[in-house]
Amino acid sequence: MSRLVAEARFSDIGRQFATIFGAIFQIYAAYVAGGAVGTIARELRTPITPASGAFSIWGPIFILAAIYALYQGTPAERERPLFRAIGWWTAASYFANGAWVYAFTNRQFALAQVIIVASFVFAAGALLRFARALPAARATIIANRLIGPAIGLLAGWLTAASAVGLASTLVAYGWAGDGRLEVVSTMLLLVAATIAVALILASRTGPSGAWVAYGAAMLWALAAII
C-alpha cells in the first residue's frame, strides 16, 4: 500500500511540474519566435485566415494558463481528482503549442500541422474530462472563473486554428490560385464549426465557464475570419 501511495504522489508531483513547465514553455516560445509566426502566416494567407488582431487572444490564454498552472501546482491541490483528470492533457497541449511555434517558424509546415492538431486533441480531451470530472452542479467559483476558461479558450481557439493551419499548409505546398483552395477552406471551416458544436454540447454537463469560453473563442475566430 505504501508503495502505491508513493507512486501516486510521484505521479502527482510530475503532473504538477509538467503543467507548470508546459505553461512557461509555450509563453517562452511565443515570446522568442512569435514575431516570425505573423510574418510567415501573412505569406500563406487563405480565404479563412483571421484578421491579425484575432491572435491577441493568446494573451488571455497565456495568462489563464499561467494562473491555472500555478494554482494546480500548490501542495493543497496535488491530490485533487479534478487535476488528476485533466492535468496531463493540459500539460501536453501546452508543450505542443510551444513545439508548434518552432516547427512553423522553421517552415516545417507538415510537422507544424500535425502538432497543432495534436494540441487541439489534448485541449479538447481536457475540456471533456473537465466536464465529466466536475458536473455543473458542483462547480466552484475557481472552476467557473479560472480553470474552465483556461481550458475553454485554449480548446476553442485551437479548434479554429487547426482548420486555418491546414488551409495555410495547403498553400505552402502549392494549393493556391486554381480555385480549389476556396472550396477546401470553406469545407474546413464547416468541419471546425461542426466539431465546435459537438464539443459544446458534450461539455455542457460541466461548469459553464468552460463551454462558454470555448464558444466565445470560436466566435472570436469566426468574426476575425469574416
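Since the structure is predicted, the reported quantities are computational estimates derived from the model, not experimental observations. As a basis for the values below, the full set of heavy atoms in this structure was taken, side chains included, without hydrogen atoms, waters or symmetry mates. All residue numbers refer to positions in the sequence shown, counting from 1.
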How close do [X] and [Y] get, heavy atom to heavy atom, and via which atoms?
X: Ala96; Y: Ile115; value: O-CG2, 3.1 Å
X: Ala213; Y: Pro149; value: CB-CA, 3.7 Å
X: Ala161; Y: Ile116; value: CB-CD1, 3.7 Å
X: Phe120; Y: Ser162; value: CB-OG, 3.5 Å
X: Leu158; Y: Ser119; value: CD1-OG, 3.2 Å
X: Pro60; Y: Leu153; value: CB-CD1, 4.1 Å

ILVMFWY clustering at 4.5 Å (side-chain atoms), partners of [X]:
X: Leu219; result: none
X: Phe122; result: Trp89
X: Val32; result: Phe17, Phe21, Phe25, Tyr28, Tyr31, Phe95, Tyr102
X: Met187; result: Val183

Hydrophobic clusters here meaning ILVMFWY residues chained together by side-chain heavy-atom distances under 4.5 Å, can you tell me if [X] and [Y] are in one?
X: Ile195; Y: Trp157; value: yes
X: Leu82; Y: Trp88; value: no
X: Tyr94; Y: Ile24; value: no
X: Leu64; Y: Phe62; value: yes
X: Leu189; Y: Ile226; value: no

message: So if I apply the side-chain contact (heavy atoms from CB on, under 4.5 Å) rule between Leu128 and each of Ile86, Ile151, Leu199, which one comes out positive?
response: Leu199
- prompt: Counting N and O atoms only, with roles assigned by atom type, does the side chain of Trp220 sit under 3.5 Å from a partner on the main chain of Ala54, one being a donor and the other an acceptor?
  reply: yes
query: Has the side chain of Gln108 got a donor or acceptor atom that lies under 3.5 Å from a matching backbone atom of Ala103?
result: no
Distance check, rounded to the nearest 0.5 Å: [X] atom [atom1] versus [Y] atom [atom2]?
X: Arg80; Y: Gln72; atom1: CZ; atom2: CD; answer: 11.5 Å
X: Thr19; Y: Leu70; atom1: OG1; atom2: CG; answer: 11.0 Å
X: Met218; Y: Thr159; atom1: CE; atom2: OG1; answer: 6.0 Å
X: Ser93; Y: Leu127; atom1: OG; atom2: CG; answer: 11.0 Å
X: Asn106; Y: Leu111; atom1: CG; atom2: CG; answer: 9.5 Å
X: Tyr68; Y: Ile61; atom1: OH; atom2: CD1; answer: 14.5 Å

List for me each residue that meets salt bridge (Lys or Arg N to Asp or Glu O under 4.0 Å) alongside [X], sequence neighbours excluded, and say none if there are none.
X: Glu79; answer: none
X: Arg204; answer: none
X: Arg129; answer: none

message: Tell me every residue that passes ring-ring contact (aromatic ring centres under 6.0 Å, His included) with Trp211, counting only those two or more places apart in sequence or in another chain.
response: none
- line: Taken in chain and number order and not counting sequence neighbours, the residues that satisfy ring-ring contact (aromatic ring centres under 6.0 Å, His included) with Phe130 are none
Is the closest side-chain heavy-atom distance between [X] and [Y] below 4.5 Å?
X: Glu182; Y: Ser185; value: no
X: Phe109; Y: Val114; value: no
X: Ile147; Y: Leu134; value: no

- prompt: When you look at Trp58 and Leu154, which way does the side-chain contact (heavy atoms from CB on, under 4.5 Å) test go after all the steps?
  reply: CA-CA 8 Å; Trp58 279 111; Leu154 177 64; 4.1 Å; yes
Donor-acceptor contacts, no H, no angles, side chain residues 44-53, under 3.5 Å, sequence neighbours left out:
from	atom 1	to	atom 2	distance (Å)
Thr46	OG1	Ile48	N	3.1
Thr46	OG1	Thr49	N	3.3
Thr46	OG1	Thr49	OG1	3.2
Thr49	OG1	Thr46	N	2.8
Thr49	OG1	Thr46	O	3.4

query: Partners of Val37 by side chain to side chain contact (heavy atoms under 4.5 Å, CB included), sequence neighbours excluded?
result: Trp100, Val101, Phe104, Thr105
Name each donor-acceptor pair under 3.5 Å that joins a side chain in residues 135-146 to protein atoms two or more places apart or in another chain, with its distance.
from	atom 1	to	atom 2	distance (Å)
Thr140	OG1	Ala143	N	3.1
Asn144	OD1	Ser208	N	3.1
Asn144	OD1	Ser208	OG	3.3
Asn144	OD1	Gly209	N	2.7

